[in-house]
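Below: the structure, in structure tokens.
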Amino acid sequence: MKPKPIHLRNLFTKFLKSPNFSTLIRKPHHYQPISSSSSSSSSTSLLKTNSSKPFFKPNDNINLLCKEKKFKEAIAILCNQKRLKESIQILESLHHSETKNIPFATIYSSLLQLCFDLRDLKLAKRIHDLINKTSAFVPGVFISNRLLDLYSKCGCLISARNAFDEMCERDICSWNTMISGYAKAGKLEEAYGLFEKMPERDNFSWSTMISGYVRRDRPREALNLFRSMQGKTNVKCNKFTVSSALAAISALPCRRFGKEIHGHILRTGLDSDTVVWSVLSDMYAKCGSLDEARYVFDRMLDRDVVTWTAMIGRYFEEKRWNEGFELFVEMLKSGIKPNDFTFAAVLNACSSQALEDVGRQVHGYMVRIASDPLSFAASALVHMYCKCGNIETAIRVFEGMSQPDLVSWTSLIAGYAQHGQPEKALSYFELMLKAGLKPDHVTFIGVLSACTHAGLVDKGLEYFHSITEKHGLTHTGNHYACVIDLLSRSGRFQEAEDIIDSMPMKPDKFLWASLLGGCKSFGNLKLAKRAAEVLFEIEPGNAATYVTLANIYASAGIWDEVASIRKTMDDRGVVKKPGSSWIKVYRQVHVFLVGDESHPRTKEIYDFLEDLSRRMKEEGYVPKTDYVLHDVEEEQKEQNLSYHSEKLAIAFGVIATPPGTPIKVFKNLRTCGDCHSAIKFISKIVAREITVRDSSRFHCFKDGKCSCGDFW
DNA sequence: GTAGGGTTAG
């Protein structure tokens, strides 16, 4: 999961030296969203205050214009000021009049445009009524199409279809608009039904259908459509059809088809379009060829923020962190202003790499350029601070948001769960409900994991049942995985098995892995075997399963089985991911592997650990040697344990920093039981606060105790 | 009237 952290060292120096970051604010700041634009808020208040008044403000020249029968001008002014209701009032006064020469088409067109900007379905219906009532006006196809579009954009496909069916004259736009409405709503069968009936089809019709299929995760059908379009002589590929086809290929994914279209793009000169290039580059990335994606990216003449963000994001997805961060810095240098998508991508990379420094600078940068803070960038900030172990700043950011969205609440709840503060997590969940937000399936993962980390089994079960019974959601596979985790960590295996047997879906690997983990804690060999066997089938290449099962056998002293598992691993070429831990001291990241002797201060570290070991034993520490897989003598086992990567990192932290400095260590795997108990002793002996973030949560050791209360 | 990027946990 984790990268080779050794690279981070270079990243940091490069990143921190970067001119763009040297002037950044170093202290964390409140990230405050800008208040919503004044124009829209004033328009709504205007609508509200004016709705009951018969006519216009006395000082307005609207009255005058109306008197002079200059209705078009009057409505143009009103529309400009977004005074929609007043416009409608004028029209209502006109619809039964005999007035000739009123340019109704222009008037209704601007009115529909405004209505469209406001996405107001009620008003759309009123305008529609008005049009029908206006005897002096028969709507042309243009107005009808606008109405059609308005209905479908407002999500009212039934009204749209009624309007479509009522049209006495339809052009290709009418058909396309209706199809697009269906396709965007995911009603592909309806869309295709109309598509087939169309008298003629243009580029628009094809690309709408193709992207409709892509969006609904049906890339094969999308591509088939594209193929049949290519067979038609009357339609040529344009940038839209090509982009939709590329998106279909990315979803398959199939690099060979992509190459084909790449050639086509070059031949037809479509390569001058930014979006086409961007999709092309992204296609290569999604087909697993990141370097080709970069090749295309590097040859783009005009790279906008979307293109940069996509490329950066792909690097992060492939866990090529350095290249992603470097590209981000390059983007800043080239003068492109990142947007919330960019920030979210970068901040999430910081989260998973625990790069709080970088994240904090990005935060500073966000504040400085005051980017339009959509809440998902803010929620990425909350997530980042949580993941970096700085829940205090996470909560400050959260409280600085005027209206935190569901993702931010969820991040915070999950953050508290990870930090072993379940009561806080659950109280934020209750606060969220009070604030009127509806939790989604992810929120409940946070809630359930809070219960799991705290051993609140019955409370967790209660929440689990509330998902369907109280909140009207459906249980996902992840919810089941959480509840199995909850039960098996407390040794309630019978209930866990009952739930597994009654699940409506096939249990996934996370669920079996949780169960296996629980079996390890309780030495449940029989169930462990069942879980491991399934896991071997689902993901035969995952070393963790072999190691865990072997550890369970080792604890029970069944060494034959241990040896046989090790042999299977060798036969299948499964390699155990080495544990590594890292710690930052004076802006330098120091990485340690198990038994690592490559650090310049290795001798001091090992001497210190030996000394520590003696003092720990005096305090009553007993090495838990069952965490050592190998079938070796007790003394050797103890040695193996002493040099786990997190111990090396902690030891280095202690000798390299002044007394009393808190120590923060990150580990790529879960910390073992022996290290957990040893670190408790260490925190007391050296009188330091030691935080360890392992792959599943935070442990804050202080004065011989851990924040997780030994339950994790 | 059509095409491209992001998030929450395990």
Side-chain angles (χ1 to χ4, degrees), chain A residues 145-146 148-149 152-153 171-181 183-184 202-212 214-215 238-248 250 270 273-283 285 304-314 316-317 338-348 351 374-384 386-387 405-415 417-418 439-450 452 476-482 484-485 508-511 513-514 517 695-697:
Chain A
N145 287 349
R146 294 230 65 143
L148 206 59
D149 192 37
S152 71
K153 292 261 162 61
D171 65 1
I172 196 160
C173 279
S174 328
W175 288 91
N176 283 342
T177 307
M178 197 62 236
I179 291 174
S180 163
K184 286 217 170 107
D202 63 1
N203 273 316
F204 185 105
S205 334
W206 287 98
S207 63
T208 305
M209 273 318 300
I210 297 170
S211 58
V214 174
R215 239 177 266 140
N238 69 353
K239 55 183 180 175
F240 294 111
T241 50
V242 154
S243 312
S244 319
L246 282 172
S250 309
L270 288 169
D273 186 80
T274 312
V275 177
V276 171
W277 264 116
S278 190
V279 185
L280 184 67
S281 167
D282 211 40
M283 180 277 295
D304 62 5
V305 59
V306 179
T307 315
W308 281 95
T309 307
M311 191 69 230
I312 292 168
R314 291 286 104 77
F316 290 146
E317 238 164 59
N339 65 13
D340 288 276
F341 287 92
T342 329
F343 287 132
V346 173
L347 287 171
N348 285 313
S351 308
L374 294 177
S375 51
F376 67 69
S379 62
L381 268 177
V382 175
H383 178 58
M384 184 274 294
C386 282
K387 281 275 186 186
D405 67 348
L406 183 62
V407 177
S408 305
W409 282 98
T410 303
S411 298
L412 199 68
I413 291 165
Q418 240 203 348
D440 70 355
H441 62 109
V442 186
T443 318
F444 279 107
I445 293 168
V447 171
L448 291 176
S449 79
T452 304
T476 66
N478 287 326
H479 293 149
Y480 281 103
C482 284
I484 296 303
D485 198 19
D508 65 3
K509 59 180 180 180
F510 299 111
L511 184 147
S514 297
S695 60
S696 99
R697 61 167 291 159

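Worth saying up front: this structure is predicted, and the values here are computed from it rather than measured. Excluded from the calculations below are hydrogen atoms, water molecules and symmetry mates; all remaining heavy atoms, backbone and side chain alike, are included. Quick note on labels: first sequence line is chain A, next is B, and so on, each numbered from 1.
- Between T307(A) and S278(A) the shortest heavy-atom distance is OG1-OG, 3.5 Å.
- D202(A) comes within 4.0 angstrom of a nucleotide base, judged by non-hydrogen atoms across all strands.
- Distances from the side chain of V407(A) to the nucleotides dG5(B), dA9(B), dT8(B) place dT8(B) closest.
- Which of dT7(B), dG10(B), dA3(B) sits closest to the side chain of S243(A) comes down to dA3(B).
- With dG4(B), dA3(B), dT2(B) as the candidates, the nucleotide lying closest to the side chain of S180(A) is dT2(B).
- Centre separation under 5.5 Å together with a plane angle under 30° holds for the ring of F341(A) and the six-membered base ring of dG5(B), marking them as stacked.
- Minimum atom distance to the side chain of V276(A) is reached by dA3(B), of the listed dA9(B), dA3(B), dG4(B).
- Protein atom CG of N348(A) is 6 Å distant from nucleotide atom P of dT7(B), rounded to whole Å.
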Exercise for review: Test M178(A) against L148(A) for side-chain contact (heavy atoms from CB on, under 4.5 Å), laying out the working first.
Suggested key: CA-CA 7 Å; M178(A) 197 62 236; L148(A) 206 59; 4.2 Å; yes
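- Closest to the H383(A) side chain, of the nucleotides dG10(B), dT8(B), dG5(B), is dT8(B).
- Side chain of V306(A), nearest nucleotide from dA3(B), dG10(B), dG5(B): dG5(B).
- A345(A) comes within contact range of no nucleotide atom at all, as no heavy-atom separation falls under 4.0 Å.
- Residues L448(A) and H479(A) come closest through the heavy atom pair CD1-O, 4.0 Å.
- A side-chain donor-acceptor contact under 3.5 Å links T410(A) and T443(A).
- Among dG10(B), dG5(B), dT8(B), the nucleotide with an atom closest to any side-chain atom of D508(A) is dG10(B).
- The minimum heavy-atom distance between A481(A) and D508(A), with the atom names listed, is CB-OD1, 4.3 Å.
- Heavy atoms of D149(A) sit under 4.0 angstrom from primed sugar atoms or phosphate atoms, though from no base atom.
- For F204(A), the listed nucleotide lying nearest its side chain is dT2(B); candidates were dG5(B), dT8(B), dT2(B).
- At least one side-chain nitrogen or oxygen of K184(A) sits closer than 4.0 Å to the OP1 or OP2 atom of dT2(B).
- One cannot find a donor-acceptor pair under 3.5 Å joining the base of dG10(B) and the side-chain atoms of D485(A).
- Contact of D304(A) with dG4(B) (side chain to base): a donor-acceptor pair of N or O atoms is detected under 3.5 Å.
- Listed candidates were dT7(B), dG5(B), dA3(B). Nearest to the side chain of R215(A) is dA3(B).
- Comparing dG5(B), dA9(B), dT2(B) against the side chain of A310(A) picks out dG5(B) as the nearest.
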Practice item. Test S211(A) against S244(A) for side chain to side chain donor-acceptor pair (under 3.5 Å), laying out the working first. Key: CA-CA 5 Å; S211(A) 58; S244(A) 319; 4.6 Å; no
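- For D282(A) against dG4(B), no side-chain N or O and base N or O form a donor-acceptor pair under 3.5 Å.
- Judged by distance alone, with hydrogens and angles left aside, T307(A) brings a side-chain donor or acceptor within reach of the base of dG4(B), the pair sitting under 3.5 Å.
- Put simply, CZ on F510(A) is 11 Å from P on dG10(B), counting in whole angstrom units.
- For S207(A) against dT2(B), a side-chain N or O and a base N or O form a donor-acceptor pair under 3.5 Å.
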